[in-house]
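Before any comments, here is the structure.
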Amino acid sequence: MTRANERRANRQRLLVMALVAVPLIAFFTVLGIALSRSGGVPAGVAINSTFGEAEVDEGSIARDFTLTTFDGEELRLSDLRGRHVMVDFWSSWCPPCIEEAPVLAEAYERYRPQGVEFVGVAVWDVAEEAERFAEESGAGYPAGVDTRGVIGVDYGLTGIPEKYFIDPQGRVVRKYVGPMTTETLDAVMQELLAAP
């Protein structure tokens, strides 16, 4: 083997190691945070096993983030102030996320004309897989991938799917873990839109 071939092989090995290491580091970071918040009980990490509404800090402002969407645009959460926003954390490999995707795509088309915005944040995912899933699911709302899990960690994400509902003033007013049905999502959206 020539030196050039050895160097090429070494670079390929390093690339493969990096592709494996980055998701593992992100996973263990989130796991560590979840364990510290749960008193060392790891239940609920990765795919949510408990579904329904979760507590939120009343009046807490949603943490701002910037997400590069699959169409290459920069989306900043704070730029959506004045609208009701639903931020959905998901992954292309997550069965409950796959189950929920058509519900969210359909709901977005119904609520978008009322000034509601949905934002999809794929976490712990491969960008190409997440983008393909978003296209195949018919999600017409902005979505992108958070490969390092930074946005998810900032939101205290314990698993996927998780949804955060944000009012026009930028406050987190609702949080749901697990997939939502059309009926549940409609009830939440109607309540939020009716609020003064």
- Query: Do side-chain atoms of S91 reach the backbone of C94 as a donor and acceptor pair under 3.5 angstrom?
  - Reply: no
- Message: Do T68 and E74 pair up side chain to side chain, a donor and an acceptor below 3.5 Å, judged on atom types alone?
- Response: yes
- Which heavy atom in H84 sits nearest to a heavy atom in P168, and how many Å separate them? CE1-CD, 3.4 Å
- What about F133 and W90, are their ring centers closer than 6.0 Å? yes
- P161 to P96 - nearest heavy-atom pair and separation: CD-CB, 3.7 Å
- Are the side chain of D64 and the backbone N or O of S78 linked by a donor-acceptor pair below 3.5 Å? yes
- Can you list the other members of the hydrophobic cluster that holds V150, where links are side-chain heavy atoms under 4.5 angstrom apart? none
- Note on the structure: On a heavy-atom basis, the closest approach of Y155 and R63 is OH-O, 2.7 Å
- I would like to know whether R132 and E129 meet salt bridge (charged side-chain N to carboxylate O under 4.0 Å, His left out); could you show each step before the answer? CA-CA 5 Å; R132 181 172 45 239; E129 293 295 319; 2.3 Å; yes
- Message: Is it true that E6 and T2 share a donor-acceptor pair across their side chains at a distance under 3.5 Å?
- Response: no
- With sequence neighbours excluded, give me every salt bridge (Lys or Arg N to Asp or Glu O under 4.0 Å) pair touching residues 91-107. E100-K163, E106-R110
- Query: How would you list, by chain and number, every residue that makes a ring-ring contact (aromatic ring centres under 6.0 Å, His included) with Y111, sequence neighbours excluded?
  - Reply: none
- Without swapping roles, check the side chain of D125 against the backbone of V145 for a donor-acceptor pair under 3.5 Å. no
- Item | Atom of A143, atom of L67 and distance for their closest heavy-atom approach | C-CD2, 4.2 Å
- Message: Between R112 and E117, does any side-chain N to carboxylate O distance fall below 4.0 Å?
- Response: no
- Task: May I ask whether I98 and W124 are part of the same hydrophobic cluster, defined by side-chain heavy atoms of I, L, V, M, F, W, Y residues being less than 4.5 angstrom apart, directly or through others?
- Result: no
- Message: Among L192, L104, V188, V119, which residue satisfies the side chain to side chain contact (heavy atoms under 4.5 Å, CB included) criterion with M86?
- Response: L104
- Item | Shortest non-hydrogen separation from F70 to A134 and the atoms involved | CE1-CB, 3.9 Å
